[in-house]
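What follows is one structure encoded as structure tokens, with my remarks underneath.
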Amino acid sequence: MAKGRVTFRQDWCKGCGLCVSVCPKKIIFLDESMTNRKGYHPATVKEMDKCIGCANCARMCPDSIITVERE
Amino acid sequence: MAIVYQRSKGLADIETHYCPGCTHGIIHRLVAETLEELGVLGNTVGVAPVGCSVFAYDYFNCDMQEAAHGRAPAVATGIKRVLPDKVVFTYQGDGDLAAIGTGEITHAAMRGENITTVFVNNAIYGMTGGQMAPTTLVGQRATTAPLGRDKSHAGSPIRIAEMLATIDGAAYIERVTVTSPANVMRAKRAIKKAFELQIEGRGFTLIEVLSTCPTNWGLTPVKALEWLNENMIPVFPLGVYKDITKEA
């Protein structure tokens, strides 16, 4: 059961990857299968059940597009 | 599940023009969170600089005023003296504060103006295209120093936090960075302390935040954070340089 959940406002993501670099569970990646309206591959998470809700990603996001929830 | 972290209400609901990975966005958020947590968003006037953060007046959910290049501390002085009950801050880069605005920031500190300055130091002129700044490291390449800053010709970088800490009017001076989640939390505490001291009327407060410029440094956003840790922190050591609350 997932302890945490992150959601990205993907249309505002600039694909900088700072969230990817600080995720302790290594579950964030830039989704190269899609391109947002700004022309970037936005950050996303597939294995959400591994998220611990630590909010490292949100603290490092320069564009404040990450919302973190925790049990 | 409960929300434990979300976009601050202190930020306007608008996308920023900053390059991908630019740490201005993180620092904006820390200021916005601080104003929100202190409950002063509706009672704050910010002063925006010239440089990459020139559009800061669009990004904060408080009253904002634009100033001429380097003159934000002078404008903030006027606002604070006319409206002493307002929380007043300036948000300035190193090209603004440490070059054309050195006089203004120095004398605002000397007068002990009861304002807070958030000083973003990324060791380069960002908006104009990566020219050498007074804060550029010796040997660091810039468009106006293609072989790196030459100490014999251009001198060594100016250390603003240390310099201003020698001024009696300065109440709180700290240098922080935002290269990791832990450092972001430390930076937040520093910024919050500065605003709290202003609200208590203790005098001039400045937080210098070491920041990245992935675009003009020619590095990815993640590599830029590593470069900052390895190269900038040895020249610009982190720490508290002045704290009147610790003085007798």
Side-chain angles (χ1 to χ4, degrees), chain A residues 1-32 34-71, chain B residues 1-33 36 52-53 59-61 120 122 177-189 209 211-215 219-226 228-229:
Chain A
M1 188 59 196
K3 279 197 286 185
R5 183 167 63 205
V6 288
T7 46
F8 301 87
R9 192 171 178 171
Q10 285 189 315
D11 56 338
W12 280 21
C13 182
K14 294 172 183 165
C16 72
L18 293 189
C19 55
V20 177
S21 75
V22 296
C23 176
K25 294 294 172 185
K26 307 284 178 211
I27 55 172
I28 308 177
F29 63 100
L30 301 181
D31 187 356
E32 295 187 10
M34 68 178 286
T35 303
N36 67 14
R37 62 183 172 75
K38 297 172 82 74
Y40 299 111
H41 299 311
T44 192
V45 169
K46 252 191 207 138
E47 303 167 280
M48 198 65 84
D49 55 320
K50 291 185 180 170
C51 178
I52 57 172
C54 69
N56 272 5
C57 53
R59 287 198 175 85
M60 287 307 287
C61 178
D63 295 285
S64 286
I65 61 159
I66 304 177
T67 301
V68 184
E69 294 165 276
R70 197 156 51 201
E71 298 248 315
Chain B
M1 286 207 200
I3 290 175
V4 292
Y5 209 98
Q6 64 183 332
R7 186 179 175 85
S8 169
K9 290 179 175 63
L11 290 172
D13 196 34
I14 182 176
E15 292 165 82
T16 70
H17 71 290
Y18 297 118
C19 300
C22 171
T23 44
H24 262 310
I26 299 176
I27 302 161
H28 278 30
R29 192 185 68 237
L30 298 183
V31 174
E33 286 176 355
E36 184 185 1
C52 285
S53 47
Y59 301 149
F60 289 105
N61 251 342
V120 180
N122 63 3
T177 188
V178 289
T179 53
S180 67
N183 280 333
V184 168
M185 286 189 272
R186 283 187 202 106
K188 167 77 176 295
R189 282 197 290 274
V209 188
S211 181
T212 64
C213 184
T215 298
L219 298 170
T220 66
V222 174
K223 288 281 178 202
L225 295 179
E226 292 169 9
L228 190 164
N229 282 332

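All chains are named by letter (A, B, ...) in the order of the sequence lines, taking the proteins before the strands, and each is independently numbered beginning at 1.
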- Separation of A:Ser64 OG from B:Tyr59 OH (nearest 0.5 Å): 12.5 Å
- Which portion of B:Leu225 sits near chain A, non-hydrogen atoms under 4.5 angstrom: side chain
- Task: Sequence neighbours left out, what passes salt bridge (charged side-chain N to carboxylate O under 4.0 Å, His left out) with A:Arg9? Give chain and number order.
- Result: B:Asp13
- Message: When you measure from the side chain of A:Arg5 to the backbone of B:Ile3, do you find a donor-acceptor pair of N or O atoms at a distance under 3.5 Å?
- Response: no
- Residues forming a ring pair (Phe, Tyr, Trp, His ring centres under 6.0 Å) with B:Phe60, sequence neighbours excluded: B:His28, B:Phe89
- Message: Heavy atom to heavy atom, less than 4.5 Å: which residues from residues 178-188 of chain B reach chain A?
- Response: B:Val178, B:Thr179, B:Ser180, B:Pro181, B:Val184, B:Met185
- Query: Donor-acceptor pair, A:Lys14 side chain versus B:Tyr18 backbone, under 3.5 Å?
  - Reply: yes
- What pair of heavy atoms forms the shortest contact from A:Cys16 to B:Gly21, and how long is it? CB-N, 3.1 Å
- Task: Name all residues meeting the salt bridge (charged side-chain N to carboxylate O under 4.0 Å, His left out) criterion together with B:Lys9; count only those two or more places apart in sequence or in a different chain, and write none if there are none.
- Result: none
- Message: Around atom NZ of A:Lys26, are there more than 12 heavy atoms from other residues, nucleotides or ligands closer than 6.0 Å?
- Response: yes
- Rounded to the nearest 0.5 Å, how far does OG of A:Ser21 lie from CD of B:Glu226? 8.5 Å
- Item | Distance, nearest 0.5 Å, that separates CD of B:Glu33 from CZ of A:Arg59 | 8.5 Å
- Query: Does NZ in A:Lys25 sit with more than 12 non-hydrogen atoms of other residues, nucleotides or ligands closer than 6.0 Å?
  - Reply: no
- Task: Please determine, among A:Val6, A:Thr7, A:Val22, A:Asn56, the option with the most heavy-atom pairs under 4.5 Å with chain B.
- Result: A:Asn56
- Do you know which two heavy atoms are closest between B:Arg29 and A:Ala58, and how far apart they sit? NH1-O, 3.2 Å
- Do B:Arg7 and A:Thr67 come close enough that some side-chain heavy atom pair is under 4.5 Å? no
- Indicate yes or no: at least one non-hydrogen side-chain atom of A:Tyr40 is less than 4.5 angstrom from one of B:Pro20. yes
